[in-house]
Amino acid sequence: MNKKDLEPIKSQQLNLNLFELDPLLDKNYSNTLEIYDLAGKFLYGKLNKYLSSASAEETEFTRITNYKDMELRVSVTAANIERVKGGTKQRVFVFPGAREEIIEDVLRKLATERRAEAYEATTGTNAGTKFVGIAFTLYEIYEELKRVGKSYSYAEIKEALHIMNRSILSIQSMDKSIDLSAPFFPLMAIADRSNKKETRSFVCFHPMVTNVILTSSFRRYNYAKALEFKGHFTRLTYKRLCHRWIQASPGKPYTILLSTLISAMKDPYQNTYQDKALFKGVMEDLVKEDVLERYEMTPKKEGKKIIDWRFELYASNTFAKQVAANNKVANTIQGSSSDPNEHAVPRIQQSEDEIYF
DNA sequence: CCGAGGTTGCCCATCGTACG
DNA sequence: CGTACGATGGGCAACCTCGG
């Protein structure tokens with residue numbers, strides 16, 4: 001798909017305005033997206049992120065998460081890109097990882113700063129499909145990364161964008177009422193200095209993102225805080241909590257199973273113990289960072305063998321306050337959304353805890 | 001079931017360069 | 001001043017193995 005195929009549409013402007021946050025007041029905030037942000041769409045391990053040769057099986061991974069009463073399958077296929085290693089070019093399969101996740105977050109953040117535009121594809125196989133896109137410069141990404149304490153070279157930023165353009169994300173519900181498959185960034189144009197005409201780069205977000213934005217199914221969250229976390233799974237867990245935990249009062253715990261976290265975020269380790277240790281570390285980070293006041297862990301046993309763990313999370317005052325403030329924003333948005341009949345994605349509801357057992 | 005210790009290479013910081 | 005590029009080098013998170 002080419003940028004020529006896209007026609008700007010004005011009628012969606014209201015919803016885009018709702019997506020926007022005040023660049024001065026909300027400098028550290030962005031939006032999490034319903035469904036899209038529930039599962040881990042990234043591979044954090046270094047050893048299998050880049051594959052120089054791989055079977056068809058190895059170039060895709062699937063995460064499973066629950067959404068309302070449905071099971072949601074989220075699959076990611078590796079991008080096939082050219083890469084220079086030791087002076088020679090080679091083609092490799094590569095999965096989106098921490099870097100790609102962070103750069104996507106940054107672009108989404110820029111999109112909340114009155115920058116996003118809605119388009120409709122006019123030609124080709126995507127005709128009629130709506131996309132939300134954003135124009136930017138690599139320099140802006142570089143500077144914003146610096147602001148939130150990250151540092152990637154231009155080469156890395158560009159490689160990340162290419163990976164996102166060539167890696168396919170599929171989201172399916174069991175009953176097929178949700179069934180979307182497209183690259184993370186279906187349309188991408190990167191400025192380079194040799195081509196003086198275009199100094200601005202451009203990407204369109206995944207159709208699920210567009211869908212979620214246009215139906216106002218998003219929630220404000222502390223994006224700068226999320227990016228502060230050193231642990232990748234801490235960041236991911238934090239985002240999930242920000243999106244799901246909308247009744248966070250200090251006395252009311254949020255209950256979640258280890259197995260739920262694992263299937264939504266990662267390939268399991270060989271031993272459950274290792275995953276337990278990993279997420280115990282995550283919870284300790286969250287306590288240290290004043291998101292949780294404390295947490296409790298209970299083993300779930302089958303005979304003598306531990307087969308799962310239950311986490312009970314208690315919000316810190318700071319986090320509970322933030323959730324309340326975000327609820328206020330969410331209520332304003334839901335009250336003023338433009339077309340209540342056009343909701344392909346259900347609204348955010350006051351959902352219960354994730355799992356009981 | 002658990003802790004400790006080892007391996008890997010991405011992540012990240014920091015510098016310098018170039019151009020209008 | 002905004003924008004884009006490249007090289008270098010060490011630390012550390014995620015992952016794995018092994019012994020108790």
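The chains referred to below are lettered A, B, ... by the order of the sequence lines, with proteins before strands, and numbering in each begins at 1. Values in this document were obtained by computation on a predicted structure and should not be read as measured data.
Listed by chain and residue number, nothing satisfies the ring pair (Phe, Tyr, Trp, His ring centres under 6.0 Å) test with A:His162 (two or more places apart in sequence, or in another chain). In terms of the salt bridge (Lys or Arg N to Asp or Glu O under 4.0 Å) criterion, A:Glu156 has no residue partners (sequence neighbours excluded). Under the ring pair (Phe, Tyr, Trp, His ring centres under 6.0 Å) criterion, A:Tyr50 pairs with no residue, sequence neighbours left out. Among residues two or more places apart in sequence or in another chain, the ring pair (Phe, Tyr, Trp, His ring centres under 6.0 Å) test is passed with A:Tyr238 by A:Phe229.
No more than 12 heavy atoms of other residues, nucleotides or ligands lie within 6.0 Å of CD in A:Glu302, so this atom counts as exposed by the packing criterion.
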Do any N or O atoms of the protein come closer than 3.5 Å to N or O atoms of nucleotides 9-11 of chain C, and which pairs are they?
none

Where do N or O atoms of nucleotides 5-7 of chain B meet protein N or O atoms at under 3.5 Å, pair by pair?
none

Do any N or O atoms of the protein come closer than 3.5 Å to N or O atoms of nucleotides 13-15 of chain B, and which pairs are they?
| from | atom 1 | to | atom 2 | distance (Å) |
| --- | --- | --- | --- | --- |
| B:dA13 | OP2 | A:Ser151 | N | 3.4 |
| B:dA13 | N7 | A:Ser151 | OG | 3.3 |

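No donor-acceptor contact under 3.5 angstrom links the side chains of A:Asn80 and A:Arg166, judged on distance only.
A:Asp308 contributes no side-chain N or O that, together with a main-chain N or O of A:Lys300, makes up a donor-acceptor pair within less than 3.5 Å. The backbone N or O of A:Leu38 sits less than 3.5 Å from a side-chain atom of A:Arg240, completing a donor-acceptor pair.
At a non-hydrogen distance threshold of 4.0 Å, nothing from residues 230-237 of chain A comes into contact with DNA chain B.
Rounding to whole angstrom units, CD of residue A:Gln270 and C1' of C:dC18 are separated by 13 Å. Taking atom OH on A:Tyr269 and atom C1' on C:dA13, their separation rounds to 9 Å, with Å as the unit. Rounded to whole Å, atom C1' of B:dC19 lies 14 Å from atom OH of A:Tyr139. Rounding to whole angstrom units, NZ of residue A:Lys266 and C1' of C:dA14 are separated by 8 Å. In this structure, A:Asp275 atom CG and B:dC2 atom C1' are separated by 14 Å, rounded to whole Å.
Through side-chain heavy atoms spaced under 4.5 Å, either directly or across other Ile, Leu, Val, Met, Phe, Trp or Tyr residues, A:Met174 is tied to no other residue.
Under the side-chain hydrogen bond (donor to acceptor under 3.5 Å, both in side chains) criterion, the residue pairs touching residues 276-286 of chain A are A:Thr234-A:Asp285, A:Lys280-A:Glu284, A:Glu284-A:Tyr295, with sequence neighbours excluded.
Comparing A:Glu140 and A:Ala155 against DNA chain C, the residue whose closest nucleotide sits nearer the 5' end is A:Glu140.
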Taking distance alone, no hydrogens or angles, what donor-acceptor pairs closer than 3.5 Å link side-chain atoms of residues 266-274 of chain A to residues at least two apart or in another chain?
| from | atom 1 | to | atom 2 | distance (Å) |
| --- | --- | --- | --- | --- |
| A:Lys266 | NZ | A:Asp275 | OD1 | 2.7 |
| A:Asp267 | OD1 | A:Arg63 | NH1 | 2.9 |
| A:Gln274 | OE1 | A:Asn271 | N | 3.3 |

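No engagement by A:Ala277 is indicated, since no non-hydrogen atom pair under 4.0 Å with the nucleic acid exists.
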Next item on the list: Kindly express the pairing pattern of DNA chain B in dot-bracket notation, using | wherever a base pairs with another strand and counting only Watson-Crick or G-U pairs under 3.5 Å.
Entry: ||||||||||||||||||||
